[in-house]
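Step one of this worksheet: look at the structure below.
Just follow the structure's listing: the first ligand is 1, and inside any ligand the first atom is 1. Count residues from 1 along the sequence.
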Amino acid sequence: MEQKNHDHSVVDSKFLKACDAPLDDFNIEPFTMVIFGGRGDLSRRKILPTLYHLCQDGKLPEEFSILGFGLPETTDEGYREFSREAIEEFSPRSFNENDWDKFSRHLFYLSADLTRGSECERLCHRLDELAVGSEPERRAIIFYLAVPPKLAPVIVENITQYNLCKGEFRTKVIVEKPFGRDRPSAIKLNQLILKGFDEEQIYRIDHYLGKETVQNIIFFRFANSIFEPLWNRRYIDHVQITVAEDLGVEHRGAFYEQAGVVRDIVQNHMMQLVALVAMEPPVGFEADLIRDEKVKVFRTIRPLDETHIDKFTVRGQYGPGRMQDKEVPGYREEKNVAVDSKTPTFIAAKLYVDNWRWAGVPFYVRAGKRLPKRITEICVQFKQPPLKLFGRPCDVLEPNLLAFGVQPQEEIYLRLTVKHPGMGNQPYMVNMDFNYDKTFDIKKSYLAYYRLLIDCMKGDLTLFARQDGVEAMWSVIDPITERWENTDPPDFPNYAAGTWGPKAADDLMAGDNYQWRTW
Ligand code: BG6
């Protein structure tokens, strides 16, 4: 194997001079993106608005085509109208007619049944038409599988059979999460994709990795020297990660019934957050070097057996409740959800990363829908000082905390004890903080997909999952979903919408003398 030379020497500051190499120096080549599920929910909310922003910001080349592909009958014109409405509704920017005109002429639609191979012929013709004028070697095609997981295999089989992924085309395929529904199906799906694509053509997308604050974890840890010596079991007491949503399943009941919170959030977003906190420093900032380190974390998460699952995991499903002064329905009353559904919408769990750095440090994770707030946060709690020198005997000193706010506040803060002004020796907690909005004074007006779609077009796989990582994540998850699916929950629904989940989640923490973060 080729050995790469990673020169990471840090230049002595007295020799430091400003670097004049341009930032973001890249060119995206002309391409056609085929969006399977082009009229689906994901396309409407995320993909189309993001492509519009990229075009608006001049990131896309002159020549590109976006071909929506899906069952609903419509024309190119109809698709443009659909896209316009989607962008008006879901873009964080105000709508601009001129930019829309420039963008909309690149939009096309093919109404066909994704699952019928013969319809791929029509796709071939359409691709030929769209690629008119471009030289064969410049015909880059990105297939975006924005479809429910069960449709991915048949689409991949069809595009492979029709030789759309090889030959004159240079192709990439973007596969949405969850990749498979357990480890065996993820392996099978991957084998199918590998018949048509090589690993470096496969972009397994997880939009959490496109969020600024998620990317910043790795910067924060490895671009500063002061935290790394503390980043281990000697100084860290425990880690808490919360992915809380105030929304319910909305109109995605059919998908969610199959997925549940574990496949929807934990297997991908949550595992990625755990990996970014727990990973070792990579030897370079290259896709595979970073992904190697993440995979090691997934492999060292302690597998849970049935007894541990019963003891260290809590599942929940929301019932009706009140949120922002409005009555909201329970999960079982949502559209396309079974009236006696056993699907969990909440999880709390205690995990261990069994390696030298983290042995004995619990990682408490929780995720759920219809919780009181939308908040994603990673909180690292440090150990107490060895002696309590300050305060009255009854004062409880808060430990130091380092919190990464992923959303809605994008911030990092360190909680410290200082002396309260006055004659006494009273300890007082303060925050040292860094906040994106305040520091950079930029109004972030794009979605997490922005960075990921550019990276895919550029061919940078750093922020995409690799197959060994996906399999290792499923290995952590599968025992939990299996156990839960084989034992009926006795008490569903067990938390009211608008509350922080079932009581058992608090008991899990209380049993270890901790409590969940509150905001
Ligand atoms: C998606 C899940 O991956 O992430 C949704 O399928 C969830 O169920 C969403 O609502 C949350 O994303 P964000 O960016 O709003 O935290």
Donor-acceptor pair between [X] and [Y] side chains, under 3.5 angstrom:
| X | Y | value |
| --- | --- | --- |
| Tyr318 | Glu334 | yes |
| Trp100 | Gln56 | no |
| Tyr514 | Gln381 | no |

Partners meeting salt bridge (Lys or Arg N to Asp or Glu O under 4.0 Å) with Arg466 (sequence neighbours left out):
Asp288, Asp292, Asp468
Considering only the protein, which heavy-atom contact is closest to [atom], and what is its distance?
| atom | result |
| --- | --- |
| atom 8 (O) of ligand 1 | Asp264 OD2, 2.6 Å |
| atom 5 (C) of ligand 1 | Arg252 NH1, 3.3 Å |
| atom 16 (O) of ligand 1 | Gln407 NE2, 2.6 Å |
| atom 12 (O) of ligand 1 | His207 NE2, 3.1 Å |

Nitrogen or oxygen atoms of Tyr256 and ligand 1 under 3.5 Å apart
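No.
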So which of Glu245, Arg374, Lys211 gets nearest to atom 15 (O) of ligand 1, if we judge by its closest heavy atom?
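That would be Arg374.
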Any ring pair (Phe, Tyr, Trp, His ring centres under 6.0 Å) involving residues 468-499? Give me the pairs, sequence neighbours left out, ordered by first then second residue.
Phe346-Tyr495
Evaluate the criterion ring-ring contact (aromatic ring centres under 6.0 Å, His included) for residue pair Phe227 and Phe220; output intermediate values, then yes/no.
CA-CA 9 Å; Phe227 293 103; Phe220 183 87; 4.7 Å; yes
Please could you name the atoms of ligand 1 that Lys369 approaches to less than 4.0 Å, counting only its heavy atoms?
5 (C), 7 (C), 8 (O), 10 (O)
Numbering the atoms of ligand 1 from 1, which are under 4.0 Å from a heavy atom of Lys177?
1 (C), 2 (C), 3 (O), 6 (O)
